[in-house]
Amino acid sequence: MKEEIKKEERSLNFLEEIIEQDLKSGKNKQIVTRFPPEPNGYLHIGHATSICLNFGLTKKYGGYTNLRFDDTNPVTEETEYVESIKDDVRWLGFEWKHELYASDYFGKLYEMAVTLIQKGLAYVDDSSSEEIAAQKGTPTHPGHRNKYAERSVEENLRLFAEMKAGKYTDGEKVLRAKIDMASPNMIMRDPLLYRIKHAHHHRTGSIWCIYPMYDMAHGQSDSIENITHSICTLEFVPHRELYDWCIEKLDIFPSRQYEFARRNMTYTVMSKRKLLQLVGDRHVTGWDDPRMPTITGMRRRGYTAASIREFCDRVGIAKRENMVDVGLLEFFVREDLNKLALRRMVIFDPLKIIITNFPDRTEWLPSENNPEDPNGGTREIPFSRELYIERDDFMEIPSKKYFRLAPGKMVRLKSAYIITCDVVLKDNDGKITEVHCSYIPESRSGQDESGIQVKGTLHWVSIPQAIPAELRLYDRLFKVEDPGSEAGDFKDYINPDSLQVIRTAWAEPALQQAVFEDRFQFIRKGYFCLDRDSSENRLIFNRTVGLKDSWKAPINKENG
RNA sequence: UGACCUAUGGUGUAAUGGUAACACAACUGAUUUUGGUUCAGUCGUUUAUGGUUCGAAUCCAUAUAGGUCAACCA
C-alpha cells in the first residue's frame, strides 16, 4: 500500500528536498527566488530550465520570484536585451514579483565595499591585470600578496573614494578583498571586488565609473532582496565560499546558494558566445531564427510555451553533466501539438491526378479539424477532377509493403473517395507527369457503402482551389551531437541542410485564413505555423517538427 | 602535479540502508480514413576494487573517468 502511494507522487528533486526541509525546520517561512539574467544576449532553452525551476519552486511552495538583471558590466549590456528577456519570460508563462536590477543597488554595494575596507577586509591595488594574475599563483602553487595589500584603512578609503570620483583611468586601480592568497580555491585569492570603467551604463548612464564584480554584486543583491534560495549553475560552485564570506563579513541576510547542472542538448550549442557568433557571422538570420535554441527562435518555429515548460519539468534537474537528446524536446512538442493543431492538407511535391470518371464540377466535403478534439468541428474542402498528391505517394513498381498509390491499386483520399490508378503518363525522359485514376462513387467518406477496405490513405488538394505557400523545413543546426567537443571550430560542423525551402507547395484553401497563433498539422507531414515573414498574398509556414515516421522506404529514401 | 563537483539502461531523471524504477529512444503486435494518435508488450541499468552491514545504487576507503577553478565576464 505504501508503494502505491509512492507511485502517485512525483519524486522530489534535490532542491525541493532542501526547501521542504527548510520550511519544516522553520528556517524559512516563505521561499523567495530570483531569475538573474545578464542583459547581454537572448534567452535559450537552458535559461528556460532555470526559469521553470525558479518560478516553479515558489509557485509550488509559496513565495515569489524576482526578475533581476545582473547588469554590472556596462560595456556588454544593452536595453534591447532587457526587453527581449522580459518578453521571453512572460511568453513562457511566468510573472515576476519585482523587476529589479543589480544597478539599483550600486549605492548600497558601494557602502558595503566601504564597510569591508573599514574592517580591513579590502584594499585598493594599483597592479596591472597581468601582475595580479601572476601574483595569483596557480591551482597547484600558492600566490603571494603585493605591497598594496599593506595600505592603511584610511588610505584605502581615500583611494576608493577617488576611484569613485573618477580620478583614475580604466584599469589603473582595483578594489580587492583581503582573504587568502594561498587558498586552494583560486576564487578566494584576494578576489577583485570593484573595477574602474568609464563607460555608459544602460540604466545609470554616467553616474558611476566604478562597477562591482559579480562576486561583489550577486550575493549582496540576493541578500538585499531576501532571496532564500539562490539557484545557479555548477560553474559557480567555487564562488559559494566567497558568497558566504561576503554575507558573513557584511553581516547581511543569509541567502544561500545552490547549484545544479546546466542543460545541454544534442545537435546545438548553448553558450552565448557561440550563439552570438552564429548570428554575427550570418549562419542564421538572427536570434529568432527558428533553428536557434533561443526562446524567441523556438517560439517563431512554433514551439508552444506549454511544451517547453513540460520539457523542463519532466526532464528534471540534477548535479551531473548531461546531454539531453533533442528528440525528447521534440516528443513534448508533438504531444502538445497533437492535441491542439488543426489538421490541414498541403502537397509539398505535386503529382497531378485526373479522376477520369468524376464530373467537371466541385464537390465540397467535410473534414474534421482535429480527430483528437471532439469539439474541434469540421471544415469543407473542395474535391474535383484534377488533384495533386505527393509525388512519393505514387510508385510505378511498388515494393512489397507499399500502401500507397500504384498501378491497379486502390487508396483512400482522406475525407473523400477511394480511387484506383488506371493509367500512368510520362514525358520523353520517362518522368511521370500525370496519373489517371477512377473514383468509386459509393466510397464517399462518412457514407461509404462500397465495402472496400484499403490499406493506405493519402492527403491531396484540388488543383483549381489550391493556394500556393512557401514551406520552410528545418533540421538540426549541427551535424554532430556535441559541436563544442569536436576538434576545430564548432562552426565547421554546421549542418548545410538545416533549412530546406519549398518555394511552392499547394495548400487547401482553408489555409488562406491562417493567423500567427494557429498551430497546424499538415496531415502525414508535420506540425507547422505561419511565419512572421508572411504577407497578405504570400503564405509562409515553418515546420515546427515532423510527424513521427515509422515507415521505412525499402528502396528510395523518402519522406522529408 | 592542488582544490572542488559528479558517476544508475542509448538519453534524461528516480529509488534517501530493505524487490533498481519512470519517461524518451529502439523493437513486436493490435487499432486507425494520418505508416500520426491510442493501446498492449519486448529490450536493456547501479564505473571498478575492497570494506562496514543480516542486507549497499545508497555509508566508508582507494582507484578510474568526466567536469570546474589561475577574466578588471557573469
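Labels below follow one simple rule: chain letters A, B, ... track the order of the sequence lines, proteins then strands, and each chain is numbered from 1.
- To the nearest 0.5 angstrom, A:Arg320 atom CZ is 12.5 Å from A:Leu234 atom CG.
- Side-chain atoms of A:Arg262 stay outside donor-acceptor range of the base of B:rU68, with no qualifying N/O pair under 3.5 Å.
- Taking only distance into account, the side chain of A:Ser445 meets the base of B:rU33 through a donor-acceptor pair shorter than 3.5 Å.
- The CG atom of A:Asn264 sits 10 Å away from the P atom of B:rU13 (whole-angstrom rounding).
- With rounding to whole Å, A:Met323 atom CE is found 16 Å from B:rA7 atom C1'.
- Between atom CD of residue A:Glu368 and atom CG of residue A:Leu342 there is a gap of 12.0 Å, rounded to the nearest 0.5 Å.
- Checking B:rC5, B:rU13, B:rU37 against every side-chain atom of A:Leu234, the shortest atom distance belongs to B:rC5.
- Look at CD on A:Glu259: it is 13 Å from C1' on B:rC69, rounded to the nearest Å.
- Checking B:rC5, B:rG12, B:rG36 against the side-chain heavy atoms of A:Val237 singles out B:rC5 as nearest.
- Annotation: the span from A:Met270 atom CE to A:Arg262 atom CZ amounts to 8.5 Å, rounded to 0.5 Å.
- For A:Arg343 against B:rU34, a side-chain-to-base donor-acceptor contact under 3.5 Å is present.
- A:Ser307 places no side-chain N or O within 3.5 Å of a backbone atom of A:Tyr303 that could act as its donor or acceptor partner.
- Taking only distance into account, the side chain of A:Glu481 never meets the base of B:rG10 through a donor-acceptor pair shorter than 3.5 Å.
- Between the side chain of A:His239 and the base of B:rA74, a donor-acceptor pair under 3.5 Å is found.
- A:Arg404 contributes a side-chain N or O that forms a donor-acceptor pair with the base of B:rG35 under 3.5 Å.
- Both thresholds, 5.5 Å between centres and 30° between ring planes, are met by A:Phe403 relative to the base of B:rG35, so the two rings are stacked.
- In this structure, A:Asp325 places its CG atom 14 Å from C1' of B:rG9, rounding to the nearest Å.
- Contact of A:Glu372 with B:rU38 (side chain to base): no donor-acceptor pair of N or O atoms is detected under 3.5 Å.
- No donor-acceptor contact under 3.5 angstrom links the side chains of A:Glu77 and A:Asn40, judged on distance only.
- One donor-acceptor pair, N or O on each side, does fall under 3.5 Å between the base of B:rU33 and the side chain of A:Arg412.
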